[in-house]
Undergrad: 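Before we start, here is the structure in question, set down as structure tokens.
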Amino acid sequence: MRRRGRLSFVLLLTASVAACSAMIPVRISGSLEQPTATFGVDPVRPERVWVSSLAVHETSNAMMRPVWTVSARGRDCRKLTQVVYGQAPKGFVADGPAQALKPGVRYLVVGHGRTSWPAVVPWNGGEDFIFEDGQWRPAPPFIAGR
């Protein structure tokens, strides 16, 4: 019985460590032509986080199309506070030129990276945004059939 208990504990511990990850919010602000993605809970005081990639996708009920993606060169993450749309940060490469963004269109912004303290675990974060009335706003949830 002891062996079975130890084995269960090891499996549970392995599964919990493998499943560890952090959520770090990604926020969008600025103009339609050159929005800025910042990281962290407080939009007034963004956090410096280890970023491996940031992607912007145009979304609808029927599709998701990338409009700009940047990734850190190699396997490294880079410590950043923000990413300006269309400008690959130092140490990053863009998959192509940034597409022009349009008002009233839903965009999914997703970031990935890793944390550095107290434990090194992967993080991801993102949200859907729409540019309306001169500013970026969180997009309402999708409703099936619309």
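Just so you know, these numbers use all the heavy atoms, side chains as well, and skip hydrogens, waters and symmetry mates. Bear in mind that the values here come from a model prediction, so they are computed numbers and not experimental data. Residue numbers count from 1 along this sequence.
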Undergrad: Given L54, which partner from the list L80, V70, T69 fulfils the side-chain contact (heavy atoms from CB on, under 4.5 Å) test?
TA: V70
Undergrad: Heavy-atom distance under 4.5 Å between the side chains of P25 and V41, does that happen here?
TA: yes
Undergrad: Are the side chain of R106 and the backbone of P140 linked by a donor-acceptor contact shorter than 3.5 Å?
TA: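 Present.
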Undergrad: Would W136 and I130 satisfy side-chain contact (heavy atoms from CB on, under 4.5 Å), going step by step from the backbone distance to the final call?
TA: CA-CA 6 Å; W136 289 99; I130 295 178; 5.9 Å; no
Undergrad: If I take atom CD from residue Q82 and atom CZ from residue R27, how far apart are they, to the nearest 0.5 angstrom?
TA: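 That separation rounds to 14.5 Å.
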Undergrad: Where is the tightest heavy-atom contact between G40 and I24, given as atom of each residue plus distance?
TA: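 Heavy atoms only, the tightest pair is N-CG2, 3.7 Å.
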Undergrad: Quick one: SG on C77 to NE2 on H112, what's the gap to the nearest 0.5 Å?
TA: 11.0 Å
Undergrad: Check whether T36 reaches the backbone of G30 with its side chain - one donor and one acceptor, N or O, closer than 3.5 Å.
TA: no
Undergrad: Does W50 use its side chain to pair, donor to acceptor, with the backbone of W123 at less than 3.5 Å?
TA: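 No.
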Undergrad: Do T59 and Y107 come within less than 4.5 Å of each other through their side chains, counting heavy atoms only?
TA: no
Undergrad: Restricting to non-hydrogen atoms, name the atom on V26 and the atom on G125 that form the minimum distance, rounded to 0.1 Å.
TA: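 Shortest heavy-atom contact: CG2-O, 3.5 Å.
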Undergrad: Could you pull out all residues at least two apart from E58 that satisfy salt bridge (Lys or Arg N to Asp or Glu O under 4.0 Å)?
TA: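 Scan of E58 (salt bridge (Lys or Arg N to Asp or Glu O under 4.0 Å), adjacent residues dropped) gives R65, K102.
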Undergrad: Could you give the distance from NE2 (H57) to CG (D128), rounded to the nearest 0.5 Å?
TA: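 Interatomic distance, H57 NE2 to D128 CG, rounded to 0.5 Å: 10.5 Å.
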Undergrad: Side chains of residues 83-96: which donor-acceptor partners sit under 3.5 Å, not counting sequence neighbours?
TA:
{"residue": "Y85", "atom": "OH", "partner": "Q99", "partner atom": "N", "Å": "3.3"}
{"residue": "Y85", "atom": "OH", "partner": "Q99", "partner atom": "O", "Å": "2.6"}

Undergrad: Determine yes or no for a side-chain-to-main-chain donor-acceptor pair under 3.5 angstrom, with R114 supplying the side chain and V49 the backbone.
TA: no
Undergrad: Going from CZ on R137 to CZ on F131, what distance comes out if it is rounded to the nearest 0.5 angstrom?
TA: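 So the CZ of R137 and the CZ of F131 are separated by 9.5 Å.
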Undergrad: Could you identify which residues cluster with L108, counting Ile, Leu, Val, Met, Phe, Trp and Tyr as linked when any side-chain heavy atoms lie under 4.5 Å apart, either directly or through a chain of such contacts?
TA: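 Members besides L108, by chain and number: M64, V110.
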